[in-house]
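Working notes for the structure below.
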Amino acid sequence: MSEWTDLRRKVLEKEFNRMNDRQREAIFWTEGPLLVLAGAGSGKTTVLVNRIANLIRYGSAYHSEEADRLTAEDAANMRAYLAIGTELSPETQRDMAVSPCEPWQIMAITFTNKAAGELKKRLTDLLGESGGEIWASTFHSACARFLRQFGDRLGYTSRFTIYDTDDSKRLMKECQRTLRIEDKVLSHKTILNEISRAKDSLITPQAYLEAAGHDNRLVLIGQAYSLYQEKLKKADAMDFDDLISNTVHLFLECPDVLSYFQNKFRYILVDEYQDTNHAQYMLVKLLSQKSQNLCVVGDDDQSIYKFRGATIENILSFEKTFPRAHVVRLEQNYRSTQTILDAANAVIANNAERKGKTLWTENPKGDPISVYTAANELGEADYIAKQILDGVEKNRKFSDYAVLYRMNSQSSTLERIFVKSGIPYRMLGGLRFYERREIRDMIAYLSVINNPEDEIRLRRIINQPKRSIGDKTIAQAAEIAAGVGESLFEVIAHADEFEQLKRSAGKLQQFAALMQELMRASEALSPGDLYELLLERTNYQQYLRETEEETAQDRIENIQELASNIRQYEMDNGEEATLSGFLEEISLMTDVDNLDESVDAVVMMTMHSAKGLEYPCVFLPGFEEGIFPGMQAIYHPSDIEEERRLAYVAMTRAREELTIVNAEHRMIFGSTTRNKISRFCMEIPEELIDRHSEREWKKPEPGTVLPISNRETRSASVQAARHFGPAASTKPEKPKTAFLPGDTVHHKTFGDGMILSASPMGNDTLLEIAFERVGTKKLMANFARLQKV
DNA sequence: CCCTGGCCGCTTTTT
DNA sequence: GCGGCCAGGG
């Protein structure tokens, strides 16, 4: 090794001196395929960010002997940097670099918007403005970008609509009707699942039908698949899986497009590689075929999405697929205590199908794992609530706590107890913002304005608000549309020209005229202004007030929240803001993306959604055979390993305290069952555990809860928790502001009103208020955010 | 055309 | 235990 090379290496090592040896190995290994096996909490995002920074600043300098450009001045500069830490001059940095790359030559792919956003943020923090030129995005949004640009090669316009699962479901039901497939015989769920798997594996409808042979069931699914794709294309729409598979098809069918991107991207990095499916594997393989510079980061032990088509094979056989691949293992954990890691290691060691990795840490040993056995699910929730309140008394924050469960349905008991105990919480999952009916309706309006070919979303809104246009009429119009080869919207706009539609022609054309007016307006107005016009012209809010008894208030608030989302989008994108841009952004958005970390509240979510997150204290309720592992997994022993990986993921979310809870009896699907403690709990060495149970502790009034069965209480709390944070309204012991009959109050949406009655309900008060503008409403005092006037 | 009452069937779900 | 879905009556 020449003196120059040696000097340069030392400088680079110092540049990245905050990394450990293995991390630096991953950062400096720039050329050729690289597999980084990154255990939980091993700092993989940091490695990705620094690896990219190195590629841009120094290229492959670390492993290069090339030193021609280095001058004596550079050498002096480098020695000073090593000796006394003076800054490297930009000239020296440039001279040290060996074929560095431009930011736009790098593509970094993640699975979630959250991960992509964090990556982007850390890249711009480190690299400044130019960091923003890196393609850091999710698989889906990167593919949407490819397809907006080149989708015409596959027969799509650049304005295609992205269908979510609800749209897909409606479309499939449509197909089933046409093909006379009874949902009872073959459900839309089964078919869509099967289609999703087919797309993941890049199997076209034709190929599917060929492979189906004489298997009746498969032939039916194949026919449904075929029709479904036909209808999607006609509607200029793609579902989530299409985004990936169509991109791969585009690349395979148009070598010029592929070669354009192969030349553009010199380096490709993929995060969470263990969760990729076959189509995603093909995508990155194709893109990196020319450069061979593919770096994948993943952890086979954290593969928990097999049920959605992820193949752990991709990571297990990376070295076979890419024979020159270099492998780096990151096993040092910076997150959890040694005890938590020992427990997680012991559990995952029971899996046979793995690369084998043992996490270690320099962190202290920490407290033992708490295992608490409650009498039933109420005792379970009570215990968790008490532990949290105790912790908060000892200076913990609510936001230090996370409760991770196997199924969303486990959350309801916890919610009830949290509301009762005054614990603020935020919950992920369940009904998401963009899945609410009123939000979907408004988005459907915007989609149709953007793309009138979209029949599914057109059908959704044609009679919403009610316009006396029934299913029969719509079906008739759809039939005509199919017959004459026009879109449904065209037929409706010219309803009077068709004999069968004569009777409802007036209503249909009135609706079409409204939409056409909005379409014309959309050309001149910004998305936000268009949305306002839309609300005004459809009278949708008025409609909600008239038809929804209890939920009108929530729904109107949601509609207004959407308005502020659109305005926010406009602010973020300035001149570039377009309607289709906004629609794309929200169609690829999820709940986790909106998780506001600054709010001091306990977080509740499924173990699946918790991947990639970490909390000081974690509760894992429902560690019982039949719940976790679930029934399904117990019947199919091959699924047990995936459940165990999920347990591993869940346990390694905890930094300091981990509490596992099980209940001896539990109400499930309406009947009480008795479950054994989970095998995963038994796999933790006894010496790491501190056991308690409700029975031995003989707590006062175990499992007794105020019967808060009132639906409004619950939904109101969820509402408040989700959108506005807990509004600090549920701090324990906080005296409730008394609202009395006769008081005049102000509400954000409803304006001023007078309280008619106040009746205590659970821990809250139900108020009946006569508003000046909107009449009498019933609201819960804690969540309505009323102000005394 | 629209509302209501009874029946079924239930994991997880980054997009 | 709850919500989604269809059938039948208004």
Side-chain angles (χ1 to χ4, degrees), chain A residues 109-117 137-144 162-166 168-169 173 182-184 187-189 192-193 196 199-200 238-244 271-272 274-277 279-280 302-310 377 404-410 412-413 428-432 434-435 437 463 466-474 503-504 507 547 584-593 605-613 622 626-636 639 642-643 645-647 649-650 667-672 709 711 714:
Chain A
I109 314 178
T110 63
F111 274 81
T112 61
N113 297 310
K114 193 175 158 64
S137 60
T138 63
F139 268 104
H140 293 265
S141 61
C143 287
I162 300 172
Y163 272 9
D164 60 28
T165 39
D166 183 73
S168 298
K169 196 171 105 185
K173 296 208 149 180
E182 292 269 331
D183 205 70
K184 275 173 218 136
S187 75
H188 61 272
K189 254 182 145 172
L192 282 171
N193 234 323
S196 184
K199 288 180 179 175
D200 289 348
M238 299 191 198
D239 65 20
F240 288 133
D241 300 314
D242 283 333
L243 291 174
I244 316 286
D271 193 11
E272 307 279 15
Q274 76 281 356
D275 291 332
T276 50
N277 59 38
Q280 288 160 334
Q302 291 189 66
S303 156
I304 53 173
Y305 284 106
K306 192 169 150 196
F307 74 94
R308 284 182 88 247
E377 74 273 18
L404 312 178
Y405 35 77
R406 181 66 235 269
M407 320 179 252
N408 278 311
S409 59
Q410 286 173 260
S412 58
T413 314
L428 290 186
L431 235 204
R432 298 150 186 237
Y434 289 103
E435 282 169 11
R437 202 179 67 222
N463 199 30
K466 298 273 181 288
R467 298 186 175 90
S468 302
I469 302 172
D471 289 342
K472 272 241 175 70
T473 313
I474 301 168
R503 212 145 38 101
S504 27
K507 307 260 184 217
T547 54
E584 172 162 333
E585 190 169 294
I586 55 171
S587 60
L588 296 177
M589 189 118 115
T590 61
D591 248 20
V592 199
D593 305 324
M605 67 182 117
T606 63
M607 298 177 190
H608 280 90
S609 345
K611 195 167 67 151
L613 307 175
I627 306 261
F628 187 50
M631 265 321 175
Q632 209 72 38
I634 293 172
Y635 286 127
H636 300 271
D639 292 346
E642 175 136 320
E643 295 276 292
R645 288 192 292 269
L646 185 57
V649 168
M667 180 91 113
I668 190 158
F669 298 142
S671 53
T672 305
S709 57
R711 288 244 311 273
R714 207 181 80 191

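Letters A, B, ... are given to chains in the order of the sequence lines, protein chains preceding strands, and every chain is numbered from 1. Because the structure is a prediction, the values reported are computed rather than measured.
- The aromatic ring of A:F307 does not sit over the base of B:dT11; the criterion of centres under 5.5 Å apart with planes under 30° is not met.
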Do any N or O atoms of the protein come closer than 3.5 Å to N or O atoms of nucleotides 1-6 of chain B, and which pairs are they?
residue : atom : partner : partner atom : Å
B:dC1   : OP1  : A:G470  : N            : 2.5
B:dC2   : OP2  : A:N463  : ND2          : 3.2

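- Not counting sequence neighbours, the partners of A:H608 by the ring pair (Phe, Tyr, Trp, His ring centres under 6.0 Å) test are A:Y305, A:F307.
- Taking the side-chain contact (heavy atoms from CB on, under 4.5 Å) definition, one finds that A:R503 meets it with nothing, sequence neighbours left out.
- Using a 4.0 Å cut-off, some side-chain N or O of A:N408 falls inside it from OP1 or OP2 of B:dT13.
- The separation between A:K189 atom NZ and B:dC10 atom C1' is 7 Å, rounded to whole Å.
- If you check every strand for non-hydrogen atoms under 4.0 Å, A:Y305 touches a base.
- Counting only distance, with no hydrogens or angles, the side chain of A:S187 and the backbone of A:D183 share no donor-acceptor pair below 3.5 Å.
- The salt bridge (charged side-chain N to carboxylate O under 4.0 Å, His left out) search around A:E272 returns A:K44, A:K611, not counting sequence neighbours.
- To the nearest angstrom, P of B:dT13 lies 17 Å from CZ of A:R645.
- For the pair A:I627 CD1 and B:dT12 P, the computed distance is 11 Å after rounding to whole Å.
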Side chain to side chain contact (heavy atoms under 4.5 Å, CB included) between A:N277 and A:D241, worked out: CA-CA 11 Å; A:N277 59 38; A:D241 300 314; 5.6 Å; no
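- The ring pair (Phe, Tyr, Trp, His ring centres under 6.0 Å) test applied to A:Y163 returns no partner, not counting sequence neighbours.
- In terms of position on DNA chain B, the residue among A:L646 and A:H140 whose nearest nucleotide sits closer to the 5' end is A:L646.
- Partners of A:E642 by salt bridge (charged side-chain N to carboxylate O under 4.0 Å, His left out), not counting sequence neighbours, listed by chain and number: A:R645.
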Can you check nucleotides 5-10 of chain C for protein contacts, nitrogen or oxygen pairs under 3.5 Å, and list what you find?
residue : atom : partner : partner atom : Å
C:dC5   : OP1  : A:K169  : NZ           : 3.4

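- A:M667 meets the side-chain contact (heavy atoms from CB on, under 4.5 Å) test with A:E377, A:T672; sequence neighbours excluded.
- A:D166 pairs by the salt bridge (charged side-chain N to carboxylate O under 4.0 Å, His left out) definition with A:R170, A:R440, A:R460, not counting sequence neighbours.
- With C:dG1, B:dT13, B:dT11 as the choices, the nucleotide that has an atom nearest any side-chain atom of A:M667 turns out to be C:dG1.
- The NE2 atom of A:H636 sits 14 Å away from the P atom of B:dT11 (whole-angstrom rounding).
- One atom, CD1 of A:I304, and another, P of B:dT12, lie 13 Å apart when rounded to the nearest Å.
- Residue-level contact check: A:E642 touches neither bases nor backbone, having no heavy atom under 4.0 Å from any strand.
- The phosphate of C:dC2 (OP1 or OP2) has no side-chain N or O of A:S412 nearer than 4.0 angstrom.
- The residue among A:M407 and A:T138 whose nearest nucleotide of DNA chain B is located toward the 5' end is A:M407.
- Looking at A:R406, its side chain has no donor and acceptor atom pair within 3.5 Å of the base of B:dT11.
- B:dT12 has its base anti relative to the sugar, with a glycosidic angle deviating from 0 by more than 90°.
- The closest side-chain heavy-atom distance from A:L613 to A:M605 is below 4.5 Å.
- Per the geometry, CD belonging to A:Q410 stands 14 Å off C1' belonging to B:dC10, to the nearest Å.
- Per the geometry, CG belonging to A:N113 stands 14 Å off C1' belonging to B:dT13, to the nearest Å.
- At the phosphate of C:dG1, neither OP1 nor OP2 sits under 4.0 Å from any side-chain N or O atom of A:S409.
- When the P atom of B:dT12 is taken as reference, atom CE of A:M631 falls 15 Å away, rounded to whole Å.
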